[in-house]
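Input: a single structure, listed below in structure tokens.
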Amino acid sequence: MEGYRTRAYPPMVSTKMDSSYKVDEGYSEDTRSQDDPDSPMRMEPEGDDMLPTQTAFDAVMALSEGEKSEFVYNMLRTLRVSSIASVVDRLWPLFHKDPITIFPAEIMSQIFACLDPPLLLEASRVSRAWRERVLDSGLWKHKFKTEGWGLRMDEIEHFENNYNQRAVGSRSPTTRTEEKSAQKLYKALPRVSRPTRQTSQNTQQDNGQVNQEPGDDAEMVDVGSASPERSRIEPAEAFGQVDPSKAQGKQPWNEIKKEAPETIEGQKNSIPGKHHLAQSLMLYASPGQSRLNYHHVFKQKRKLEDNWNNGQFQSFQLPHRDHPEDAHTECVYTIQYYGKHLVSGSRDRTLRIWDIDAQRLIRKPLEGHTGSVLCLQFDDRKEEDIIISGSSDTHVILWRFSTGEMIKQLTNAHRESVLNLKFDKRFLVTCSKDKTIKIWNRQELRPGDKDYPVKGAPGGGHCPSYILDMNAIASTLRNGRPDVDFQNHLLEPYTHLMTLDLHGAAVNAIQIYRDQLVSASGDRNLRVWNIHSGECSAKVEAHAKGIACVQYDGKRIVSGSSDNTIRIWDPASKTEVARLDGHTRLVRTIQAAFADHPGGRERLESEAMEVQRQWQAASIAGLIPPSSERRRQGNPGSRKPKDIKSVGAKIPPSGGGSRWGRIVSGSYDETIIIWKKTDDDEWVIGQRLRQDDALRAAGPPLIPRSDVQAQAQAQAPSNPLHLPNHAPNSQTHQAPPRQHPLQAAGVQGPLPAHQIAQQIVQAAAATSQQGSSTHQQPPNPNQPQNPTQTPWTNSAYARRLLRAQQQANIPGLSAGGPLNAPQNAGQAGNAPNPAPTLPASAPPPLHPHHVPRPGPPIPNAAQVGQPNARVFKLQFDARRIICCSQDPKIVGWDFANGDEQIIESSRFFAAPQ
């Protein structure tokens, strides 16, 4: 037939059939198995019968790759769809090879460590094996380091040990016996007969003490597993139910809807309190071998960072509003906190130790200074157990943290006020208004010890006469004439070793880093010293005005000044790499955390070299503006060539670090600024906080009114400040209860402090109106003669509040009023008015650096005069900012924002660096 191509088929080869051959009709009564070699279904060609097939196969294999592909394609098109699907199923393993099953776990962990958390989330959805590998705690522990975060390994070890001891100790002897029997039975079984156990390298990485049988994988199951067969972690338990529309979001760790169920220990033993939070923190490995769930901790850390960036926090204050008797009676100059403990020093000459969580004092105030406490540092570890404080009385006092007792006093440590101090295990360093820095030893020292001071170094510090010149003694020893008895030159702890006196003004701040010391002075200079010899290795003319605060981490210096700026310096090249403009008054206190990536100084130098190469290329192309214009504008950390102020620095603009870097600064403009980085590595203002706002948000008034006071005020609404009757009961003769100074003054007002001042003024005016009649009547023993004259109202803090009212021109208040409030002193270019005579019990005058001055008008401020809330000192950690100011209360911002899981995990977050 024309039009059709005829196919040539090979001739049929006749096969010699034996007697067992039967036509296959689809039915057979033969009961022999198809596996029987004699079965007709097993008949295979032998010998020459295979020749045509083999010849065809050889012919196909002789074709080229393309021809073979075309041949196979044409062959597949002749098959039914079901047959093609069967072929595809057989070929599928050749197309997809799972690296989890091919590569060792260590290699896959290294691969996963290169992925960002969002990509890890996507990888966990590939299969159950991938999910188990992605959720490995060792991987998320490594992610902490790569993000620039730190972990408190001592706290983690302590938490794990306590958790495991509680879990093991709470199990009955019968349960422990049954578990041991099950373990013996498991090991006695042949390896092929053992039940499947989940594997994880996390157990070996986190604790090398886990005993394993050779060749066995350590078992690591999720917290909700009651048996190895139920040990797999489901997606909802690991990452939560993620909405498909949000699958591409940037923050998948915030989509958690469901927490992992309880552990085996938690199922057997219901522990009250917050044990349900600890259950999601732990991964069950074996009885008594649970380990911290680093994935859960990483997730909480990221939620906490999001709160910082979004300004989500809760305000709090010290003391608790229900316990005003714990508060300082004057402004607070200095604080330091670590963990749950905070120590504060005040103008009321006392130090107070606080429990931050309870917002209460731990013990009674520490009294010993005769002047304002201007600086302090403490270490509550058992091996240290110390607080060291410096004061305007020129003394330095050592206290025992655990008991509050005074250990030692360094009398007249300086000639003038001790402005700052720092210590480590080796040295105590103090600085003063007398322009000097002094170094003291904290351990016994003998000549020849590595921490013994180097005397006589060129340009070094001045050592007392009892410090030996070891260089001169070494030459004597070489000549064989040892004429020094080293045993008689033992230096007791806290002996003065050296004085550094190159600054031309008061030394306001110092920082110790290993063998280096950095100081900031009112002479506008920063200096870097060798702590052993006192040599000044670098001098930086840093600011246009005096420098108030400094921080040094070995890579960069951050300073704040009365020129209202914050600047970041490279100490190696003495160049400025960034300037932050945002405050309108003196920058009094700063803390910086750059969250450096792994790699240290080498990584920073490589980034700086890349920026310099880009600048040189732009300079050659003529794209760089004149240097004078660039210096005038300042650079907040931009890496754009046109913004670079100087080249040659060993660190990149902005100082380097990760995207989680943060700087917090406090100023006399009564604000706290949180600086954060943009995607372009520039420093910008993330949040601006005010102490007044924190006090208002912390809760109701600091001093709640009693029912009697409320009733009395209701009876006399025209008098907003009704003074309570403090007369003792004539029948019971009980002494009046102890009151806070504000209560003694009759102040009922809510926060902020300017409202309290307004009430004091109104009380004073009311008292002056009744002065004549009261003076003519005989005194009443049951009523105070002048209820507004209290130790608190005679204090400088109350007088500052009244001066604020005077500046607002409130009628009825004069300098000769009942409280005898002094006029403002210390204005630039004006001679101060004579200060009133203070009572014997009054605190000392204000420090010269803290004399109140009228500031510029504040937008949206209250119509009444506001007191100065200058920020003196602040500190932040991974979770909170706490600051002190001219207000007697200490305020803070908690960025956990009430999230119990973040609060529980925050104990493991190291302080930012």
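Note that the numbering runs from 1 along the sequence shown for the chain. In what follows, every heavy atom counts, from backbone to side chain, and hydrogens, waters and symmetry copies are set aside.
Residues Gln377 and Lys422 come closest through the heavy atom pair OE1-CA, 3.2 Å. Across all non-hydrogen atoms, the minimal contact from Pro365 to Thr350 is CB-CB, 4.0 Å. Nearest heavy-atom pair, Gly560 versus Ile590, reported as atom, atom and distance to 0.1 Å: N-CD1, 4.0 Å. The nearest pair of heavy atoms linking Gln359 to Leu318 is CA-CD2, 3.4 Å. Of all heavy-atom pairs spanning Leu304 and Ala896, the tightest one is CD1-N, 3.8 Å. Closest heavy-atom contact between Leu586 and Ser667: O-OG, 2.8 Å.
To the nearest 0.5 angstrom, Lys539 atom NZ is 4.5 Å from Asn525 atom CG. Atoms CD1 and OG, on Ile335 and Ser346 in that order, are 12.5 Å from each other to the nearest 0.5 Å. To the nearest 0.5 Å, the span separating CG on Leu151 from CH2 on Trp149 amounts to 10.0 Å. Once rounded to the nearest 0.5 Å, the distance linking CD1 of Ile902 with NZ of Lys301 reads 10.5 Å. Summarising the geometry, atom SG belonging to Cys884 is positioned 6.5 Å from atom CD1 belonging to Ile890; distances are rounded to the nearest 0.5 Å. The distance from the CD1 atom of Ile651 to the NZ atom of Lys555 is 10.0 Å, given to the nearest 0.5 Å.
A 6.0 Å sphere centred on NZ of Lys435 holds no more than 12 heavy atoms belonging to other residues, nucleotides or ligands. Within 6.0 Å of CZ in Arg514 there are 12 or fewer heavy atoms belonging to other residues, nucleotides or ligands. Annotation: Gln913, atom CD; neighbour count of heavy atoms from other residues, nucleotides and ligands within 6.0 Å does not exceed 12. Within 6.0 Å of CD in Glu157 there are 12 or fewer heavy atoms belonging to other residues, nucleotides or ligands.
Of the N and O atoms on the side chains of Thr436 and Asp501, not one donor lies less than 3.5 Å from an acceptor on the other residue. Glu330 and His328 are not linked by any side-chain donor-acceptor pair at a separation below 3.5 angstrom, with hydrogens and angles left out of the test. Between Asn162 and His158, the side chains place a donor N or O and an acceptor N or O closer than 3.5 Å (distance only, hydrogens not considered).
Salt bridge absent: Asp385 and Lys382 never bring a charged side-chain N and a carboxylate O closer than 4.0 Å. Between Asp515 and Arg426, at least one side-chain nitrogen of the basic residue sits less than 4.0 Å from a carboxylate oxygen of the acidic one, meeting the salt-bridge criterion. In this structure, Lys425 does not pair ionically with Glu383, as no charged nitrogen and carboxylate oxygen lie closer than 4.0 Å. A salt bridge links Arg381 with Asp379: the closest approach of a Lys/Arg side-chain nitrogen to an acidic carboxylate oxygen falls below 4.0 angstrom. Here Arg442 does not pair with Asp451 in a salt bridge; the nearest charged N to carboxylate O distance is not below 4.0 Å. Using a 4.0 Å cut-off between a side-chain N of Lys or Arg and a carboxylate O of Asp or Glu, Arg880 and Asp357 qualify as a salt bridge.
For the pair Trp675 (side chain) and Gly661 (backbone), a donor-acceptor distance under 3.5 Å is absent. Side-chain N or O atoms of Gln875 include one that pairs as donor or acceptor with a backbone N or O of Tyr337 at under 3.5 Å. Not one N or O on the side chain of Ser533 forms a donor-acceptor pair closer than 3.5 Å with the backbone of Val454. Arg601 places a side-chain N or O within 3.5 Å of a backbone atom of Gly554 that can act as its donor or acceptor partner. Checked by atom type and distance alone, the side chain of Asn530 never pairs as donor or acceptor with a backbone atom of Glu535 at under 3.5 Å. No donor-acceptor pair under 3.5 Å is formed between the side chain of Ser562 and the backbone N or O of Lys545. Between the side chain of Arg352 and the backbone N or O of Ala327, at least one donor-acceptor pair lies under 3.5 Å. Side-chain atoms of Tyr466 never come within 3.5 Å of backbone atoms of Leu491 as a donor-acceptor pair (strictly under, hydrogens ignored). Of the possible donor and acceptor atoms, none in the side chain of Thr394 sits under 3.5 Å from a partner among the backbone N and O of Glu416. Arg556 places a side-chain N or O within donor-acceptor distance of the main-chain N or O of Gly655, the cut-off being under 3.5 Å.
The shortest side-chain heavy-atom distance between Ile437 and Val429 falls under the 4.5 Å cut-off. Considering only heavy atoms from C-beta on, Cys883 comes within 4.5 Å of Val891 through its side chain. No side-chain heavy atom of Phe427 sits under 4.5 Å from any side-chain heavy atom of Leu517. Side-chain contact between Val528 and Tyr513: absent, with no pair of heavy atoms (C-beta onward) separated by less than 4.5 Å. Proximity of Asn508 to Ile547: side-chain heavy atoms (C-beta onward) are nowhere separated by under 4.5 Å. Here the side chains of His369 and Leu351 are in contact, with some heavy-atom distance below 4.5 Å. Between Ile407 and Arg400, the closest side-chain pair of non-hydrogen atoms falls below 4.5 Å. Considering only heavy atoms from C-beta on, Trp569 comes within 4.5 Å of Glu576 through its side chain.
If you run side chain to side chain contact (heavy atoms under 4.5 Å, CB included) between Ile882 and each of Trp893, Phe316, Phe876, only Phe316 comes through. With Ser389 as the partner, the side chain to side chain contact (heavy atoms under 4.5 Å, CB included) test is satisfied by one option alone out of Val373, Val343, Leu421, Leu366: Val373.
The side chain to side chain donor-acceptor pair (under 3.5 Å) check on Ser521 picks up Asp523, with sequence neighbours excluded. Shown here are the side chain to side chain donor-acceptor pair (under 3.5 Å) partners of Ser561, two or more places apart in sequence or in another chain: Asp563.
Relative to the six-membered ring of Tyr668, Arg588 misses at least one condition, a distance below 6.0 Å or an angle of at most 45° to the axis.
Listed by first and then second residue, the ring pair (Phe, Tyr, Trp, His ring centres under 6.0 Å) pairs that reach into residues 388-421 are His341-Phe401, Phe378-Phe401, sequence neighbours excluded.
Note on ring orientation: taking the six-membered ring where Trp is involved, the planes of Phe872 and Tyr333 are tilted (angle from 30° to 60°). Ring geometry, His496 versus Trp440: the interplanar angle falls from 30° to 60°, so the pair is classed tilted.
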- Could you please spell out the steps behind the side-chain hydrogen bond (donor to acceptor under 3.5 Å, both in side chains) verdict for His320 and Asp326? CA-CA 8 Å; His320 193 278; Asp326 289 347; over 6 Å; no

- Please report the C-alpha distance between Arg349 and Glu367 in whole Å, then the side-chain angles of each, then the deciding distance to 0.1 Å, and finally whether the salt bridge (charged side-chain N to carboxylate O under 4.0 Å, His left out) criterion is met. CA-CA 7 Å; Arg349 309 172 185 176; Glu367 299 178 350; over 6 Å; no

- Give the C-alpha distance, both sets of side-chain angles, the deciding distance and a yes or no for side-chain hydrogen bond (donor to acceptor under 3.5 Å, both in side chains) between Ser885 and Asp887. CA-CA 5 Å; Ser885 69; Asp887 196 287; 5.8 Å; no

- Decide side-chain contact (heavy atoms from CB on, under 4.5 Å) for Asp877 and Tyr338; before the verdict, give the C-alpha distance in whole Å, the side-chain angles of both, and the deciding distance to 0.1 Å. CA-CA 8 Å; Asp877 59 8; Tyr338 183 78; over 6 Å; no

